[in-house]
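From a predicted model like this one, the values you see are computed outputs, not experimental measurements. Chain letters run A, B, ... following the sequence lines, proteins first and then strands; every chain starts at 1.
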Amino acid sequence: MFFKSIIAAAAMIGAITVACAADISGAGATFPFPIYAKWADSYKKDTGNGLNYQSIGSGAGIKQIRAKTVTFGATDAPLEAKDLDKDGLAQWPMVMGGIVMVVNIPGVKPGELVLDGPTVAQIYMGKITKWNDPAIKKLNPSLNLPDLAIANIHRADGSGTTFNFTYYLSAVSPEWESSIGKATTVEWPSGIGAKGNDGVANNVATTPGAIGYVEFAYAEQNKLTFTSMVNKAGKTVAPTMDAFQAAAANANWSVPGFYQILADQPGDESWPMTAATFILMYKKPANVAASNNALEFFKWAYEKGDKMAQDLDYIPMPDNVKKLVEAMWDKDIQQK
Amino acid sequence: MTATTLQPASAARSSPMDRARALARLRVSDAGFRLFALGAAVLVLVILLGVVISLFIGALPAFREFGVDFLFSDSWSPPKEKFGAATAIYGTLVTSLIAMLIAVPVGLGIAVFLTELCWLPLRRPIGVAIELLAGIPSIIYGIWGVYYFRPVMQAYIQPFLINTLGNLPIIGHLFAGPPLGYGILTAGLVLALMILPFITAVSRDVFDTVPPVLKEAAYGVGATTFEVVGNIVIPYTRVGVIGGVMLALGRALGETMAVTFVVGNATKIQASILAQGTTISAMIANQFADADPGLFTSSLLALGFILFVITFLVLAAARFMLSRLELKA
């Protein structure tokens, strides 16, 4: 009996390995994982081709594509053109999302509290420590804010979300830029570290006085109190799909490697912390057939994946950007 | 089940030839067994040595770059590539110290109660409960810590400490700061609960080995329970008790998930034990997966090497203390 089950298990492992060999393989960012998984599911139904995506984090995704263990890497923190050229990689944006501030203050409802970039930077530098601080009161004259200690919560693991968040803080606060900087992990001057987007969401939900930053989808799913933000144009905006799309529309995508970070974009409607998530592939792939399979999938996702993305609170790329990306594939990536 | 029957002696009779063959076969199988046992023991040494060497090689770039400063610097900044282990070492030692301060007296107390004072029918249920505690995976303690224990710390225990001990001169600094729930003290308390069963289970087992005649003689000359425990039970069993305590300390130093959940993961040393900190294993768990190759990865491996050395020093100190005690006895 035991022996039989071992044989069965071995046969199954064999079957899985065979199946994987034909699948498109990718690894990287955790933020787009839900939408990639959903796309992969429909794609399999449509075409019979599978996708094996490991959501191991942006940094790890870059590591894997450099080690050539996967056909594509995925990252929320784009590589700069010179790094792309060094490794012979092509890069393009796949889908976008918004990063929102979430808080846990008794009596404050979603969207009520207004914050701006410099104030958030002050909070994360440990210089504003109470919710009734004059700087916060000034932005919220009508709210009755309690004398409650602020527990600022950040990502303890390396994260593309942190990269986009610290990029935004560096853009709006010279002090932040010089003393802390932007990266997937930084030296936080104060606060509590939590693991993953869901870790931050959870800590905020259970800690009175907490503030954190998460992808919009996590705030929605966990029913957290998100805040409004003052954008670059000085207007107060609430985190909505329209506001994320407005920020994305302002972006100038005709740059090498589509290196575009959507933080702090101009425009009255723009949400200040919008972020794109990127795909990395080799321009001269070792396995052309596998590379073509992956491109087929991305092309399919651009054409048919928009509705699914919106259902999961992601923002599809605008049509003109899709055209630019597809032109780049034909020009740069060897397909024969 | 097959029935076994005794064979009559005549059937078991064998010729001298068979006997020699059987003996030779036994010799071969015995030698084989000896080789297997030796191999198993050597394998442990080889693996241990391999771990030390590969950790050290991985850590070398960080040690070269930062030198001794790596041990004393409290900066941890991946974008600036400046790394120091002081925060993590401090957090590891302080959380373990808090855990030991609480778990050792309480654990020994439970063991004494179970062996000397407890009503007999209750001994087994309490003993089994303690052993069950030892079997709970650490992630469960982490979840309990973050969902149930941390809010209690934030709402009641930390405000109480801040308002009482926090007002005292000098030691007040240890209990300062906003009550956020996460922190070194919370991690230490969760750790204390985790290692308690180790201390209790081992101590109870060794307390049971004290010959009843010794205890009865002491009670006979009028000693109180306290005196019997202090003068007979603990001196008789100290080697075993210290062994249990060291096992617990080893677990406290290396515990990862439960601590990561509640310690606050702040890479900065703060005076207050209510403030957030980090430990070596929490740091590695959080950051290793997507550390860039180069100094960042190397510094994390260096942290691992330091934890290895700390654990080794603790075990060596325990051995040394034990040998001193045995000499005196």
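Heavy atoms closer than 4.5 Å to chain A are found in the backbone of B:A285, but not in its side chain. At a 4.5 Å heavy-atom cutoff, B:F261 makes no contact with chain A through either its backbone or its side chain. Interface remark: A:I180 contributes backbone atoms only to the contact with chain B (heavy atom separation under 4.5 Å). Contacts between A:N203 and chain B at a heavy-atom distance below 4.5 Å involve backbone atoms as well as side-chain atoms. Contact annotation for A:S159: only backbone heavy atoms (N, CA, C, O) come within less than 4.5 Å of a heavy atom of chain B. Interface residue A:I150: only backbone heavy atoms are found under 4.5 Å from chain B. For chain A, no part of B:T278 is nearby; none of its heavy atoms comes within less than 4.5 Å.
Within the 3.5 Å criterion, the main-chain N or O of A:L113 finds no donor-acceptor partner in the side chain of A:N140.
Side chains of A:T30 and A:N197: a donor-acceptor N/O pair is absent below 3.5 angstrom, by distance only.
Contacts with chain B were tallied for A:P189, A:A210, A:G196, A:P208; A:P208 has the most, counting heavy-atom pairs under 4.5 Å. Highest contact tally toward chain B, considering only A:T185, A:I153, A:D157, is held by A:T185 [criterion: heavy-atom pairs under 4.5 Å]. Ranked by heavy-atom pairs under 4.5 Å with chain B, the list A:A156, A:A151, A:A149 is led by A:A156. Ranked by heavy-atom pairs under 4.5 Å with chain A, the list B:Q154, B:Q287, B:K268, B:M283 is led by B:Q154.
Residue-environment remark: CG (A:N144) stays at or below the threshold of 12 foreign heavy atoms within 6.0 Å.
Aromatic ring pairs are classed by plane angle as parallel below 30°, tilted from 30° to 60° and perpendicular above 60°; the pair A:Y124 and A:W176 is perpendicular. Below 30°, between 30° and 60°, or above 60°: for A:F72 and A:Y53 the angle between ring planes is below 30°, a parallel geometry.
Distance NZ/A:K182 to OH/A:Y167: 6.0 Å, rounded to 0.5 Å.
A:T162 is not listed as a side-chain neighbour of A:T184, based on a closest heavy-atom distance of 4.5 Å or more. Counting heavy atoms from C-beta outward, A:N164 and A:Y213 have side chains that stay 4.5 Å or more apart.
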